[in-house]
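Note that the numbering runs from 1 along the sequence shown for the chain. All values below come from the heavy atoms of this structure, side chains included, with hydrogens, waters and symmetry mates left out. The model shown is predicted, which means the values in this text are computed figures rather than measured ones.
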Amino acid sequence: MRNFRNHLSFLLFLCTFLSNAMAEETKEWIFNVTVDGNPIGEHRFKKTFRDEKTVIESEAKFDVKILFVNVLKYRHQNTEVWESGCLSEIESATRSNRKQFKVYGKRSGESFSINTLDENAIHRGCLYTFAYWNPDFLLQDRLINSQTGEMEEVTIVKMDTESDSLTGYVVNAKGGPIKVWYADETWIGLESTLKNGRTLEYQISN
């Protein structure tokens, strides 16, 4: 009888473990970030599937130094919740030197409210951020900037490449064009030109 109870307890534990494993699945991306080829930090992304939701957590840490003097200290944290292929909630906090940004947005029915330190806005429809991790964002013509909370109009054009597995796109946005690279639909890199003319690059490290 004792063996039966032990066996039953093990089966219940196994079922619970498998249920939790199926309910939650995690994927991570870690990007090394450079400016003109010089390392400035990294940007990490973590995607977790929880039941019917997809949770994206990201964290960026950049430090730019000139002659050993730190001229830029940038910190960015962002959490997004996605349901049925659409953004349902976003919360971010950013500090660029002394300038701070905070964004909180949540969907309620057909409306999506976005609150920042400067203003509040309400949008409608299925919304996307600059969700490079999700190739479906390439089909959008407007995207939420997760740092500022601003809704930006964008145009996205596919680039010509010589490889069938490597594809690139140019995202024309308010801050200038952004090149995004995928290998078999997996995001692997990014490139943009900063206001000072320098080149910012993301290269996947894992």
Side-chain angles (χ1 to χ4, degrees), residues 24-33 42-62 74-94 101-108 110-116 121-159 166-192 200-206:
E24 184 168 310
E25 180 183 345
T26 300
K27 183 176 181 180
E28 292 187 85
W29 298 265
I30 301 174
F31 289 90
N32 295 320
V33 183
E42 65 179 23
H43 199 158
R44 293 172 171 263
F45 295 79
K46 180 180 178 181
K47 178 169 68 173
T48 305
F49 298 100
R50 295 174 183 167
D51 299 324
E52 300 297 322
K53 298 179 181 180
T54 299
V55 179
I56 302 295
E57 299 168 282
S58 68
E59 181 177 11
K61 293 183 178 180
F62 304 155
Y74 180 89
R75 302 290 186 267
H76 173 73
Q77 290 183 315
N78 180 38
T79 300
E80 300 175 5
V81 181
W82 294 71
E83 295 182 81
S84 302
C86 302
L87 183 68
S88 64
E89 190 172 355
I90 180 173
E91 184 172 8
S92 71
T94 308
F101 304 85
K102 288 188 178 181
V103 176
Y104 180 74
K106 188 174 180 63
R107 185 174 65 190
S108 178
E110 295 298 319
S111 299
F112 195 105
S113 62
I114 298 179
N115 303 320
T116 71
I122 296 179
H123 304 280
R124 299 183 68 84
C126 179
L127 303 184
Y128 275 68
T129 57
F130 284 76
Y132 305 114
W133 53 271
N134 180 5
D136 286 345
F137 102 97
L138 297 166
L139 305 175
Q140 310 304 309
D141 58 11
R142 58 177 191 154
L143 299 169
I144 298 172
N145 185 318
S146 64
Q147 174 176 305
T148 65
E150 182 180 358
M151 180 70 74
E152 297 187 21
E153 302 292 329
V154 298
T155 58
I156 301 175
V157 181
K158 185 177 181 180
M159 293 187 290
L166 180 66
T167 54
Y169 298 85
V170 178
V171 181
N172 294 296
K174 179 180 178 180
I178 304 167
K179 296 179 181 178
V180 189
W181 300 95
Y182 296 87
D184 297 323
E185 297 190 347
T186 297
W187 178 33
I188 61 168
L190 177 152
E191 179 183 323
S192 68
L200 173 76
E201 288 188 274
Y202 279 38
Q203 293 186 343
I204 197 163
S205 64
N206 63 332

Q: Verify whether the ring centers belonging to Trp187 and Tyr132 lie closer than 6.0 Å.
A: yes
Q: Mind running side-chain contact (heavy atoms from CB on, under 4.5 Å) on Ser146 and Ile90 for me, showing each step along the way?
A: CA-CA 8 Å; Ser146 64; Ile90 180 173; 3.9 Å; yes
Q: At what distance, to the nearest 0.5 angstrom, does OG1 of Thr54 lie from CG of Leu87?
A: 11.0 Å
Q: State, with a plain yes or no, whether a side-chain heavy atom of Val81 is found less than 4.5 Å away from one of Ile56.
A: no
Q: Is the shortest side-chain heavy-atom distance between Trp29 and Ile204 below 4.5 Å?
A: yes
Q: What pair of heavy atoms forms the shortest contact from Trp181 to Leu190, and how long is it?
A: CD1-N, 4.3 Å
Q: Using distance alone, with no hydrogens and no angle criterion, decide if Thr129 and Glu80 have a side-chain donor and acceptor under 3.5 Å apart.
A: yes
Q: Just by distance, no angles: are the side chains of Asn145 and Glu152 close enough, under 3.5 Å, to form a donor-acceptor pair?
A: yes
Q: Would you mind reporting whether Met159 and Val180 have side-chain heavy atoms less than 4.5 Å apart?
A: no
Q: Once you round to the nearest 0.5 Å, how far does NZ of Lys106 lie from CG of Asn115?
A: 12.0 Å
Q: For Pro135 versus Tyr182, what's the shortest heavy-atom pair and its separation?
A: CG-CE2, 4.2 Å
Q: Have Arg107 and Ser88 got a donor and an acceptor in their side chains that come within less than 3.5 Å?
A: no
Q: Please find the pair of heavy atoms, one from Cys126 and one from Gly85, that lie closest to each other, and give the distance.
A: SG-O, 3.8 Å
Q: How many angstroms lie between OG1 in Thr155 and CD in Gln140, if you round to the nearest 0.5 Å?
A: 13.5 Å
Q: side-chain contact (heavy atoms from CB on, under 4.5 Å), that's the test. Do Glu25 and Thr48 meet it? Break it down for me.
A: CA-CA 5 Å; Glu25 180 183 345; Thr48 305; over 6 Å; no
Q: Under 3.5 Å, is there a donor on one side chain and an acceptor on the other for Tyr104 and Glu89?
A: yes
Q: Can a donor-acceptor pair be found, under 3.5 Å and without considering hydrogens, that links the side chain of Arg75 to the backbone of Phe62?
A: yes
Q: Quick check for you: to the nearest 0.5 Å, what is the distance between Gln77 atom CD and Lys102 atom NZ?
A: 11.0 Å
Q: Tell me, with the steps shown, if Lys47 and Glu28 meet side-chain contact (heavy atoms from CB on, under 4.5 Å).
A: CA-CA 6 Å; Lys47 178 169 68 173; Glu28 292 187 85; over 6 Å; no
Q: Gly149 and Val103: which non-hydrogen atoms are nearest, and at how many Å?
A: N-CG2, 3.5 Å
Q: Could you tell me which non-hydrogen atom of Glu153 sits nearest to which non-hydrogen atom of Asp141, and how far apart they are?
A: OE1-O, 3.4 Å
Q: Any chance the side chains of Tyr74 and Gln147 put a donor and an acceptor closer than 3.5 Å?
A: yes
Q: How about Lys61 and Arg44: do any of their side-chain heavy atoms sit closer than 4.5 Å?
A: no
Q: Is the number of heavy atoms from other residues, nucleotides or ligands under 6.0 Å of Leu139 CG greater than 12?
A: yes
Q: Between Ser192 and Lys179, is any pair of side-chain heavy atoms under 4.5 Å apart?
A: no
Q: Any chance you could lay out the side-chain contact (heavy atoms from CB on, under 4.5 Å) test for Phe137 and Val171, step after step, and finish with the verdict?
A: CA-CA 10 Å; Phe137 102 97; Val171 181; 4.0 Å; yes
Q: Nearest 0.5 angstrom please: Thr79 OG1 to Glu59 CD, how far?
A: 10.0 Å
Q: Can you tell me how far the CG atom of Leu138 sits from the CD1 atom of Ile156, to the nearest 0.5 Å?
A: 5.0 Å
Q: For Glu91 and Asn78, which heavy atoms make the closest approach, and how far apart are they?
A: O-OD1, 3.3 Å
Q: How about Tyr128 and Trp82: are their ring centres within less than 6.0 Å of each other?
A: yes
Q: Please confirm whether the backbone N or O of Ile30 pairs with a side-chain atom of Ser205, one donor and one acceptor, at under 3.5 Å?
A: yes
